[in-house]
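Every heavy atom of this structure was used, including side-chain atoms; hydrogens, water molecules and symmetry mates were not. The sequence lines fix the lettering, A, B, ..., with proteins before strands; numbering per chain opens at 1.
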Amino acid sequence: MSLKLYNTRTRTVEPFTPLESNHVRMYVCGLTPSAEAHLGHARSFLFFDVLRRYLQHLGYRVTYVRNVTDIDDRSIARARETGESYSAIMRRHYDSFAASMRRLGVDPPDVEPRATAYIEPIVEMVDELVARDFAYTTDDGVYFTVKKFPRYGALSHRNVDELLAGARIAVDEHKHDALDFALWKFAKPGEPAWESPWGAGRPGWHIECSAMARAILGEPFDIHGGGFDLVFPHHENEIAQSESLMPAPPMANVWMHGGLLMFDGKKMSKSLGNFEPLSALLDRHDPRAIRLLFLGTGYRKPMNFTEDSITGATAALDRLRRAYEKLGADAGDPAVLTAYEGRFFDALSDDLNTAGALGVLFEAVADPRVRGPQAVAFFDTAQHLFGIAGAFAPAAPALRIFDDAFVARLAAALGDAVHLNGHTPEAAIATVIEARNAARAGRDFARADRLRKALAELRIVLTDNKDGTTSWTFEE
RNA sequence: GGCGACAUAGCCAAGUGGUAAGGCAGAGCUCUGCAAAAGCUCCAUCCCCAGUUCGAAUCUGGGUGUCGCCUCCA
């Protein structure tokens with residue numbers, strides 16, 4: 001089955017055909033790092049990461065642009081409150097976000113433009129809009145005239161008259177019309193500012209994406225994405241700006257939007273502040289479990305996050321990993337494997353149905369006929385696409401357990417059963433395991449169980465393997 | 001107030017006309033000194049009502065509920 005993707009603009013799943021035969025160009029609206037990133041951001045960027053991996057798997061060259069909005073009103077306000085500069089605030093949160101993305105195995109985009117590095121193209125674009133009479137200047141900025149763009153509302157399927165009738169649009173005396181939006185904001189005293197033909201100031205939020213997409217990818221391009229909350233007004237405004245200047249719209253062929261992540265039944269958002277920083281969450285959970293959790297739900301669906309759901313995903317990940325390790329070199333049934341592969345890739349091609357594909361993967365691991373090198377190759381591909389192969393972050397809980405007092409705590413738990421003076425934590429555990437195995441060999445099971453219990457108190461769980469060896473793991 | 005999305009087992013969730021994938025949790029059994037893993041078995045008729053159809057979780061209409069957007073937001 002060839003790839004089909006859901007397009008917000010048409011509200012249908014459509015066959016995907018890139019503008020250039022073998023090259024996909026996509027632009028995804030990235031983060032405004034005026035605050036710590038949260039798990040909702042991770043969900044969104046994770047989805048586009050998997051989309052890129054699948055496009056590459058299908059043989060396309062992908063140029064993936066994801067911007068960073070490194071200037072905004074919120075960071076300026078924060079700077080005024082705290083004394084830290086707005087750029088330092090942005091930098092700090094961006095660094096934390098980038099580190100979290102690395103831990104999550106989300107590959108960096110090919111180009112990650114910052115708005116403040118593209119002031120010139122932004123000013124140029126605003127200039128063109130003013131010159132062609134799509135925009136006007138007031139005493140506090142330059143605004144886009146929404147009335148001059150007849151298709152306004154086509155993406156979000158809104159009617160301009162109904163929008164105007166809505167009670168919640170704030171009346172702003174600076175603007176000619178309530179729907180008009182800022183392209184350029186004049187700086188108040190003390191605010192960061194760049195020169196422009198109309199006066200010193202900073203770009204409005206929407207124009208940067210239009211300008212950077214045009215400068216880096218050229219227009220039109222294939223896929224424009226972001227979270228569902230960006231459909232209106234952000235992406236609607238981008239379309240209005242960009243397509244007003246284009247001889248042959250559209251700006252982008254396919255508009256894709258990821259479903260929002262809820263916490264406690266409510267959307268995570270900066271204004272609600274109802275979230276835990278992503279970096280803190282990653283200290284407590286295996287990032288691959290987080291990926292598995294997200295991939296288990298359709299990307300367009302709203303999703304509620306709970307601690308229990310990550311616990312479940314962690315268990316599922318463990319099972320998948322153990323099953324993978326057992327695929328081994330035994331001969332399997334190639335026809336059976338091929339059938340699973342077909343269903344797996346059909347699911348992914350159907351608007352990236354990762355949840356369906358995951359179901360196929362679990363069915364396949366449970367099937368004894370799926371064995372051997374071909375099966376291993378299939379699982380390698382699947383794990384790569386989902387980004388759950390190997391370990392790409394340190395196991396934080398493990399690091400916390402091995403503190404200086406570890407051996408002392410273990411000795412206390414053991415009583416006088418085993419002497420551990422001067423041992424490293426690893427050596428201490430190995431010594432206890434040896435003692436337990438000696439006890440087992442002597443049929444002294446009571447002593448063996450006491451030793452197991454002592455380790456268990458420190459959350460170290462022993463597993464007796466079939467070959468007679470004993471291994472240990474941390475219990476989360 | 002306007003617009004939109006969603007509603008499947010204890011929890012998560014796929015499936016959009018042909019008789020309910022999968023995961024987590026749980027129960028029983030096999031294996032096991034114990035424990036874990038593994039294997040086998042069991043566990044829903046798809047929010048409610050009406051309609052279309054030989055046949056509907058899937059289509060239509062009407063309810064109810066939850067959430068989102070309309071304001072910075074992935």
Problem set entry | A/A313 or A/M303, whichever maps to the more 5' nucleotide of RNA chain B | A/M303
Problem set entry | Nearest-angstrom distance, P atom, B/C47 to B/A7 | 8 Å
Exercise. At under 4.0 Å, does any side-chain N or O of A/K266 touch on OP1 or OP2 of B/C67?
Worked result: yes
Problem set entry | Sugar-phosphate only, base, or nothing, as touched by A/G258 at under 4.0 Å among non-hydrogen atoms | nothing
Exercise. With a 4.5 Å heavy-atom cut-off, do A/L55 and A/F16 have their side chains touching?
Worked result: yes
Exercise. In whole Å, what separates the C1' atom of B/C40 from that of B/C31?
Worked result: 11 Å
Exercise. Between atom CG in A/N304 and atom C1' in B/C6, what is the gap in whole Å?
Worked result: 13 Å
For this session: Quote, to the nearest angstrom, the C1' distance that separates B/C49 from B/C42.
Result: 34 Å
For this session: Determine the Euclidean distance between corresponding P atoms of B/C43 and B/G22; express it in Å to zero decimal places.
Result: 12 Å
Tell me which donor-acceptor pairs under 3.5 Å the side chains of residues 109-118 of chain A have, and how far apart each pair is, sequence neighbours excluded?
unit_1	atom_1	unit_2	atom_2	d
A/D110	OD2	A/R52	NH1	3.3
A/D110	OD2	A/Y64	N	2.7
A/E112	OE1	A/Y94	OH	2.6
A/E112	OE2	A/R66	NH2	3.3
A/E112	OE2	A/Y94	OH	3.3
A/R114	NH1	A/D70	OD2	3.2
A/R114	NH1	A/T116	OG1	3.4
A/T116	OG1	A/D70	OD1	3.3
A/T116	OG1	A/D70	OD2	2.6

For this session: Can you label the angle between the A/F149 ring and the A/F144 ring as parallel, tilted or perpendicular, going by 30° and 60°?
Result: perpendicular
Problem set entry | Pair A/E307-A/H285, side-chain donor/acceptor within less than 3.5 Å | yes
For this session: Over 60° means perpendicular and under 30° means parallel, so classify the ring planes of A/Y27 and A/F221, tilted if in between.
Result: tilted
For this session: Check every strand shown and say whether A/G312 touches a base, only sugar-phosphate, or nothing at a heavy-atom separation below 4.0 Å.
Result: sugar-phosphate
For this session: Please name the residue in the list A/N237, A/V142, A/I122 that meets the side-chain contact (heavy atoms from CB on, under 4.5 Å) test with A/L183.
Result: A/V142
Problem set entry | side-chain N/O A/N159 vs B/C3 OP1/OP2, d < 4.0 Å | no
Problem set entry | Which residues share a ring-ring contact (aromatic ring centres under 6.0 Å, His included) with A/W472, sequence neighbours left out | A/F474
Problem set entry | Ring centres under 6.0 angstrom apart (A/F345, A/H57) | yes
Problem set entry | Paired and unpaired positions of RNA chain B as dot-bracket, Watson-Crick or G-U wobble under 3.5 Å, | denoting a partner strand | (((((((..(((.....[...))).(((((.......)))))....(((((..]....))))))))))))....
Problem set entry | A/F362, nearest nucleotide to its side chain (from B/G23, B/A74, B/C69) | B/G23
Exercise. OP1, OP2 of B/A7 versus side-chain N and O of A/K301: anything below 4.0 Å?
Worked result: yes
Exercise. Within a strict 4.5 Å, meaning less than it, do heavy atoms of the A/L320 and A/Q383 side chains meet?
Worked result: no
For this session: For A/L260, report the nucleic acid contact type (base, sugar-phosphate, nothing); a contact means any heavy atom under 4.0 Å.
Result: base
For this session: Sticking with atom P, work out how far B/A9 lies from B/A20, rounded to a whole angstrom.
Result: 16 Å
Exercise. Atom CG of A/L278 to atom P of B/A74: distance rounded to whole Å?
Worked result: 13 Å
Problem set entry | C1' atoms of B/A21 and B/U16, separation to the nearest Å | 15 Å
For this session: Looking at every strand, decide which applies to A/A316 at a 4.0 Å heavy-atom threshold: base, sugar-phosphate, or nothing.
Result: sugar-phosphate
Problem set entry | Base versus backbone protein contacts along nucleotides 26-41 of chain B [heavy-atom cut-off under 4.0 Å; B, S, -] | -------BBBBSS---
For this session: Select base, sugar-phosphate, or nothing to describe what A/L292 touches, counting heavy atoms under 4.0 Å on all strands.
Result: nothing
For this session: Rounded off to whole Å, could you give me the CD-to-P distance for the A/E112 and B/A74 pair?
Result: 13 Å
Problem set entry | Worked verdict on A/F305 versus A/L293 for side-chain contact (heavy atoms from CB on, under 4.5 Å) | CA-CA 9 Å; A/F305 167 73; A/L293 175 67; 4.3 Å; yes
Problem set entry | Nearest-Å distance for atom pair CG/P, residues A/L317 and B/A25 | 13 Å
Please list every donor-acceptor pair under 3.5 Å in which a side-chain atom of residues 441-454 of chain A meets a protein atom from a residue at least two apart or in another chain.
unit_1	atom_1	unit_2	atom_2	d
A/D444	OD1	A/R447	N	3.2
A/R452	NH1	A/L462	O	3.2

Exercise. When rounded to the nearest Å, what value does the distance between C1' atoms of B/G68 and B/C24 take?
Worked result: 28 Å
Seminar exercise, completed: Taking for A/R343 and for A/G296 the nucleotide of RNA chain B with the nearest heavy atom, the one nearer the 5' end belongs to A/G296
For this session: Would you mind classifying the nucleic acid contact of A/M262 as base, sugar-phosphate or nothing, using non-hydrogen atoms under 4.0 angstrom?
Result: sugar-phosphate
Problem set entry | Pairwise C1' distance, B/U8 and B/U71 [rounded to whole Å] | 35 Å
For this session: Quick one: label A/G298 by what it contacts on the DNA or RNA (base, sugar-phosphate, nothing), any heavy atom closer than 4.0 Å.
Result: sugar-phosphate
Exercise. Which part of the nucleic acid does A/H157 contact within heavy-atom distance under 4.0 Å: base, sugar-phosphate only, or nothing?
Worked result: sugar-phosphate
Seminar exercise, completed: Picking from B/C70, B/A74, B/A13, the nucleotide nearest the side-chain atoms of A/R158 would be B/C70
Problem set entry | Separation of B/A13 C1' from A/R300 CZ (nearest whole Å) | 15 Å
For this session: Check the distance between B/C3's C1' and A/F228's CZ and give it to me in whole angstrom.
Result: 13 Å
Exercise. Excluding sequence neighbours, so at least two apart, what forms side-chain hydrogen bond (donor to acceptor under 3.5 Å, both in side chains) with A/D180?
Worked result: A/Y136
Exercise. Starting at CG of A/L293 and ending at P of B/G23, how long is that distance when rounded to a whole Å?
Worked result: 16 Å
Exercise. Can you check the A/E162 CD to B/G1 P distance for me, whole Å?
Worked result: 15 Å
